[in-house]
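Input: a single structure, listed below in structure tokens.
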Amino acid sequence: MTENPIRVRFAPSPTGMFHVGGARSALYNWALARQQDEGRFVLRIEDTDAARNKPEWTEGIVQALAWLGISDSDPHFEGPYFQSSYAGKHRETAERLYKEGRAYYCDCTREQVQERRDNPNLGYDGFCRDRGLEPGPGRALRFRVPEGGPTVVEDAIRGRVEFEHTSIEDFVVARADGSPLFVLANVVDDAEMGINQVIRGEEHLSNTPKQQLLWEALGHTPPAWAHLPVIVNEKRQKLSKRRDKVALETYQDEGFLPEAMVNYLMLLGWSPGEDREIMPWSQMEPLFAVSDVNSASAFFDEKKLRAFNGEYIRALAIEDFVERCRPWLDPEVAPWPEENYDEDAFRAIAPLAQSRVAVLGEIVANVDFLFLDQPVEDAKSWSKAMKPETAAPMLAAARDRLADPGLSWEPEALRAELEAAGTELGLKLGKAQAPVRVAVTGRTVGLPLFESLQVLGRERTLLRIDAALERVRAEEAGVAPAGADAVPDSGPEGSAATE
RNA sequence: GCCCCCAUCGUCUAGUGGCCUAGGACGCCGCCCUUUCAAGGCGGUAACGCCGGUUCGAAUCCGGUUGGGGGUACCA
């Protein structure tokens, strides 16, 4: 279509969070810019709304992009530019539009506009079109939409879209105070920055005929358009920051890998074909084409994202996995006392956790038993594992066997002991290990038990089994568990004890 | 209301007139493996919204219909 190198742009307004929909748009734009040596991805911060414009938010945008792999140090990256710094150009253009008769001043108030609509289907009836009003207080500048003929938008994703001019009102391009509106500023900036391909969300499709009219009025060739389908929630509504989980930062905090997020986002409306899904960015980048983007809205399925994330986590080299877990092990956020953390212990157990976490944040619950003074208190796990008939004898037997000073503290030996203890009580290993697991980790589910015990160490294992045994016996005797670590728990535990 | 967009398994999609008794992935279900939970292996469930055309032939083309969605600001 164009021989000139592609220049696309990503133009978010700084709102304090980075929307996943914006992330997908950015990625699509980025892929196109990267496909050509001279292709450029222009970042423009639309900060005209002074109310929501803080420097740190811009920083957040740059960081979020970098997280996705869109680095401002890449030669294909240009900017950031700030819309606010083009205010002069915007006003100049508005004035030019007026001087050339393409726009006129209007002193109608909002109420008058409402009253004046002769056609109930159109917002403004063009009352001031030919009144020849001069610029002045209270007068907004409206674009004179040409009479007759439709404006045809050629959209790379949707094809030809026609808008009859009778359905486009004379829209305001500059407020009474002279400040430009989005529709104008956006066009002026895009033209100024040489943007020749606009890829953005479908919510902008209805702005497009107005913008195209503006491009033409200004004597420029409009860019090629592509309107991406919106990303929706389970109710099939556009993802909104008010009610939906849309902030990229949230996913980052939970432990989603950028590789997985990028992979998933790319697939929301586009497919590399050939039944391929898990595919690194480097392979998708050259394959991507806007014309292949699906036109139907897409549901953001976190379940599938998690599955992808798990895949990527499992594919990590163990060293990498350990490093990536760091942020959640940080003393600032970890639930255990800083001095309890043991790097060697973590590294020893990490391989077992790698295939068990779907998001990195889950690493904490998997290893906390190693670093907490006491295992976590989980009433459900306790009542499920500490069955009155078997828990006490099992714990006692386990204690006796594991306390044997001659026992080699290794998974195979530990397993053999617990298995034997269980057999004596008529319990299969599955049942036999449960009380021990809960005594030691606090939970019924977790990493393989014998390796866990190995890393935890003999001392602490025995201490925890003792404590659990004491508590079980106290509960069986109908006495409320005493001691500092006893956590009162009514309902489920009481009923379990009477079973 | 009006303008515009959209429509294949629950979800994301492949499919561009015959290769489709519609393929993959996530989810879900079952089995295997198994110390819990994962992971892994095997198998299964499940879709072309509806009605008309066009055509020898339609998931694919056209019209309508229904149902979703987006936009309707002196917001971006």
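Proteins get letters first, then strands, A, B, ... in listed order; numbering begins at 1 in each.
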Closest-nucleotide ordering on RNA chain B, the 5'-leading residue of L447(A) and V172(A): L447(A)
Heavy atoms from other residues, nucleotides or ligands near CD of E147(A) exceed 12 (cutoff 6.0 Å): no
Distance, C1' atom - from A47(B) to U34(B), rounded to whole angstrom: 36 Å
Touch class at under 4.0 angstrom, heavy-atom based, for G273(A) against every strand present: nothing
Proximal nucleotide (of C74(B), U13(B), C3(B)) relative to the N294(A) side chain: U13(B)
Nucleotide opposite U72(B) in a Watson-Crick or G-U pair, distances under 3.5 Å: G1(B)
Atom-pair distance (CZ on R242(A); P on C75(B)), nearest Å: 21 Å
Min side-chain heavy-atom separation Q83(A)-H90(A) under 4.5 Å: yes
Summary of protein contacts for nucleotides 18-34 of chain B, nucleotide by nucleotide, where a base hit scores B, a sugar-phosphate-only hit scores S (4.0 Å, heavy atoms): -----BBBSS-------
Touch class at under 4.0 angstrom, heavy-atom based, for R314(A) against every strand present: sugar-phosphate
Distance between P atoms of C74(B) and U11(B) (Å, rounded): 38 Å
Touch class at under 4.0 angstrom, heavy-atom based, for G269(A) against every strand present: sugar-phosphate
Any-strand Watson-Crick or G-U partner of U16(B), both distances under 3.5 Å: none
Exam field: side chain R437(A) to backbone L447(A), donor-acceptor pair closer than 3.5 Å: yes
Touch class at under 4.0 angstrom, heavy-atom based, for E412(A) against every strand present: nothing
Members of residues 139-159 of chain A that approach RNA chain B, where some heavy atom sits under 4.0 Å away: A140(A), R142(A), R158(A)
Partners passing side chain to side chain contact (heavy atoms under 4.5 Å, CB included) against P393(A) (at least two apart in sequence or in another chain): L425(A)
Criterion side chain to side chain donor-acceptor pair (under 3.5 Å) on D170(A) and Y104(A), from CA distance to verdict: CA-CA 9 Å; D170(A) 283 351; Y104(A) 60 88; 2.6 Å; yes
R437(A) (side chain) and U35(B) (base): donor-acceptor pair under 3.5 Å: yes
Sugar-phosphate only, base, or nothing, as touched by S271(A) at under 4.0 Å among non-hydrogen atoms: sugar-phosphate
Any donor-acceptor N/O pair, N263(A) side chain to E277(A) backbone, under 3.5 Å: yes
Salt bridge (charged side-chain N to carboxylate O under 4.0 Å, His left out) partners of E56(A), counting only residues at least two apart: none
Nucleotide of A7(B), U35(B), C5(B) approaching S295(A) most closely (side-chain heavy atoms): A7(B)
A296(A) side chain, from C-beta outward: closest of C6(B), A38(B), U11(B): C6(B)
A11(A) vs V445(A), nearer the 5' end of RNA chain B by closest nucleotide: V445(A)
Nucleic acid contacts - residues 18-29 of chain A versus RNA chain B, non-hydrogen atoms under 4.0 Å: none
Of the listed nucleotides U35(B), U13(B), A76(B), the one nearest the side chain of N207(A): A76(B)
Rounded C1' spacing from U66(B) to A76(B) in Å: 34 Å
What N/O pairs connect the protein and nucleotides 65-70 of chain B at under 3.5 Å? Give each pair on its own line.
| from | atom 1 | to | atom 2 | distance (Å) |
| --- | --- | --- | --- | --- |
| G70(B) | OP1 | K238(A) | N | 3.1 |

Touch class at under 4.0 angstrom, heavy-atom based, for L449(A) against every strand present: base
Qualifying residues under side chain to side chain contact (heavy atoms under 4.5 Å, CB included), relative to R242(A), sequence neighbours excluded: S240(A)
Interatomic distance, K384(A) NZ vs C37(B) P [rounded to whole Å]: 8 Å
G63(B) versus G71(B) - spacing of their C1' atoms, nearest Å: 26 Å
Flag, side chain of Q454(A) to backbone of L414(A), donor-acceptor distance under 3.5 Å: no
Distance, rounded to the nearest Å, where R91(A) contributes CZ and C74(B) contributes P: 17 Å
Interatomic spacing from NE2 in H227(A) to CD1 in I199(A) - rounded to 0.5 Å: 10.5 Å
Interatomic distance where NZ belongs to K428(A) and P belongs to U36(B) [whole Å]: 11 Å
Any donor-acceptor N or O pair under 3.5 Å, side chains W225(A), Q211(A): no
Touch class at under 4.0 angstrom, heavy-atom based, for A434(A) against every strand present: nothing
F346(A): ring pair (Phe, Tyr, Trp, His ring centres under 6.0 Å) partners, not counting sequence neighbours: none
Aromatic centroids of F300(A) and Y251(A) separated by under 6.0 Å: yes
Sugar-phosphate only, base, or nothing, as touched by F163(A) at under 4.0 Å among non-hydrogen atoms: sugar-phosphate
Stretch residues 178-185 of chain A: residues that reach within less than 4.0 Å of RNA chain B through a heavy atom: L181(A), F182(A)
By salt bridge (charged side-chain N to carboxylate O under 4.0 Å, His left out) - contacts of K245(A) (at least two apart): E254(A), E302(A)
Inter-nucleotide C1' distance (G27(B), G17(B)), Å rounded: 33 Å
C37(B) and C32(B), which share atom name P, separated by this distance in whole Å: 14 Å
Salt-bridge present (E410(A), R415(A); N to O < 4.0 Å): no
Nucleotide opposite C61(B) in a Watson-Crick or G-U pair, distances under 3.5 Å: G53(B)
N/O (side chain, R175(A)) to phosphate O (OP1/OP2, A76(B)) under 4.0 Å: yes
Partners meeting salt bridge (charged side-chain N to carboxylate O under 4.0 Å, His left out) with R401(A) (sequence neighbours left out): E417(A), E424(A)
Those residues that, when tested against F371(A), pass ring pair (Phe, Tyr, Trp, His ring centres under 6.0 Å) (two or more places apart): W336(A), Y341(A)
Touch class at under 4.0 angstrom, heavy-atom based, for E164(A) against every strand present: nothing
Carboxylate-amine/guanidinium proximity below 4.0 Å for K235(A) and D244(A): no
Side chain N186(A), main chain E46(A), donor-acceptor under 3.5 Å: no
Any-strand Watson-Crick or G-U partner of A7(B), both distances under 3.5 Å: U66(B)
